[in-house]
2 protein chains.
Amino acid sequence: MPESLKETPGNTVPKRRRDLILDAAEAEFAVHGFDGVTMRQIAREAGVDVALPNYYYKSKRGLFDAVFLRRALVLNERRATAIRSVIAAAGDATPGLEDIIAAYLKPIRDAQESHEPGWRNYCSLVAHINNSRVWGEQMMSKHFNDFVVIFIDALKLAMPEADEKDIYWGYHFFSGALTLTMADTGRIDLLSDGLCHSGDFSEAYDRMTDFIADGFRRICLTAQ
Amino acid sequence: MPESLKETPGNTVPKRRRDLILDAAEAEFAVHGFDGVTMRQIAREAGVDVALPNYYYKSKRGLFDAVFLRRALVLNERRATAIRSVIAAAGDATPGLEDIIAAYLKPIRDAQESHEPGWRNYCSLVAHINNSRVWGEQMMSKHFNDFVVIFIDALKLAMPEADEKDIYWGYHFFSGALTLTMADTGRIDLLSDGLCHSGDFSEAYDRMTDFIADGFRRICLTAQ
DNA sequence: GTCTATACCGTGATAGAC
DNA sequence: GTCTATCACGGTATAGAC
């Protein structure tokens with residue numbers, strides 16, 4: 001835990017302004033996207049002067065990148081570790097498809113379940129970016145592809161007979177399903193009239209793992 | 001009759017400015033979202049004066065709603081018809097899961113395959129909206145839910161033993177996978193190094209139907 | 001009914017005082 | 001490191017000319 005977050009007995013150490021700005025920007029970008037937010041809003045939300053965001057992050061775009069990168073690095077590392085450990089545990093055997101998918105999902109699930117608003121906001125932000133023509137390429141491909149390659153390779157291990165093309169398409173569907181879950185829009189709540197809750201992550205992720213695994217099996221392991 | 005509506009000798013009717021604005025707005029909103037677009041850009045793109053979009057559509061928001069509604073009504077009607085005809089064809093038998101999913105997808109697939117830029121842009125726009133906390137509720141729930149209820153009921157017919165909750169979660173994953181396909185971001189092209197193309201809709205939708213059907217079966221028809 | 005000129009305000013960013 | 005003042009630009013929307 002960084003020094004700035006530690007509680008000292010009696011009184012709390014105030015967060016550095018730099019981080020306050022980053023947190024405020026994350027929350028605003030998550031809801032409204034890059035263009036829907038102004039530097040003035042961010043400054044107001046962070047309780048700092050209008051000029052400070054520019055001072056610390058050079059530009060609005062610089063701030064956006066900083067928000068995105070902060071947690072992308074953490075997420076990629078956690079997911080890569082989780083997947084490698086599943087493969088290591090399988091040894092010479094074929095790793096289980098559900099295990100690999102669950103490993104991919106676990107760090108995101110933990111992040112959302114932590115109820116730390118920063119992580120929830122971040123997940124929404126990624127959902128925005130992943131569905132955007134302009135940002136998808138610049139941000140997702142640039143910062144997530146290295147990790148995704150690890151995941152694709154793991155899928156190939158789990159389904160050695162599969163055609164590569166089918167694996168990529170399966171990943172595409174998986175990515176879409178996950179992205180909407182990360183967006184946490186509350187739409188399933190309205191649609192199901194309260195029966196399901198988009199904030200109920202254990203319900204979502206348990207089902208997603210099974211749903212996606214059998215989806216993959218269908219298109220990768222069945223003769224068409 | 002205004003001059004702009006008269007047939008010219010060469011048989012082409014020039015589009016009315018009103019529609020030019022709507023088309024230009026659709027294209028811009030699809031790429032950049034509501035906040036990423038300015039009325040000036042739209043006017044420039046449409047080749048009209050900056051003030052005309054406001055004259056015809058009251059406000060930026062009015063224009064956005066008009067763009068969204070124009071094709072939502074068409075899409076909902078086509079999809080409802082397609083699903084009802086699958087159910088009618090099944091008669092007293094249980095309708096096939098793949099058939100219902102394919103009926104849901106067919107009108108969207110046709111729209112994207114038509115290569116009419118208006119429809120492709122519209123699909124991207126819906127992808128934006130569906131993954132947004134602010135717009136999802138206002139637009140998706142308001143204008144698509146009536147149709148989605150028809151689809152959910154069809155799923156219940158196809159899987160009479162299923163738990164309702166599982167059906168809603170399955171729909172959520174389906175919706176996410178479809179949304180990313182509609183977004184048409186080109187990410188799968190980069191990821192697969194050219195092996196797959198996000199614009200190759202027959203590849204996408206054929207696989208999606210099977211993938212989603214077996215996903216539903218897994219979470220709805222298997223004892224957990 | 002159609003369109004243009006323009007009003008008026010908020011934007012991102014910076015220079016320079018403290 | 002922080003804040004004030006200010007810039008040039010572009011934002012939406014409207015009043016009034018055609």
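The chains referred to below are lettered A, B, ... by the order of the sequence lines, with proteins before strands, and numbering in each begins at 1.
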Run the side chain to side chain contact (heavy atoms under 4.5 Å, CB included) test against [X] and tell me which residues pass, sequence neighbours left out.
X	result
A/L69	A/L73, A/H143
B/S132	A/H128, B/V134, B/W135
B/V149	B/D153

Here the distance between atom C1' of C/dG12 and atom NZ of A/K58, to the nearest Å, is 14 Å
*asked:* If I take atom CZ in residue A/F29 and atom C1' in nucleotide C/dG12, what distance separates them, rounded to the nearest angstrom?
replied: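 Result: 12 Å.
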Per the under-4.0 Å heavy-atom filter, residues of residues 34-57 of chain A near DNA chain C come out as A/V37, A/T38, A/M39, A/R40, A/A51, A/N54
Side chain to side chain donor-acceptor pair (under 3.5 Å) filter on A/D49, not counting sequence neighbours, yields none
Once side chain to side chain donor-acceptor pair (under 3.5 Å) is applied, do any residues pair with A/K156, and if so which ones, sequence neighbours excluded?
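Partners of A/K156 under the side chain to side chain donor-acceptor pair (under 3.5 Å) test: A/E164.
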* Is a side-chain N or O of A/S124 found less than 3.5 angstrom from the main chain of A/A183, in a donor-acceptor match? -> yes
Which side-chain N or O atoms in residues 34-47 of chain B pair as donor and acceptor under 3.5 Å with protein atoms at least two apart or in another chain?
from  : atom 1 : to    : atom 2 : distance (Å)
B/T38 : OG1    : B/R40 : N      : 3.4
B/T38 : OG1    : B/Q41 : N      : 3.0

Outermost nucleotides of DNA chain D that come under 4.0 Å of a non-hydrogen atom of chain A:
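Going 5' to 3' along DNA chain D, contacts run D/dG1 to D/dT4.
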- Query: Quick one: ring-ring contact (aromatic ring centres under 6.0 Å, His included) partners of B/F151, sequence neighbours excluded?
  - Reply: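 Here the qualifying residues are B/Y104, B/Y171, B/F174.
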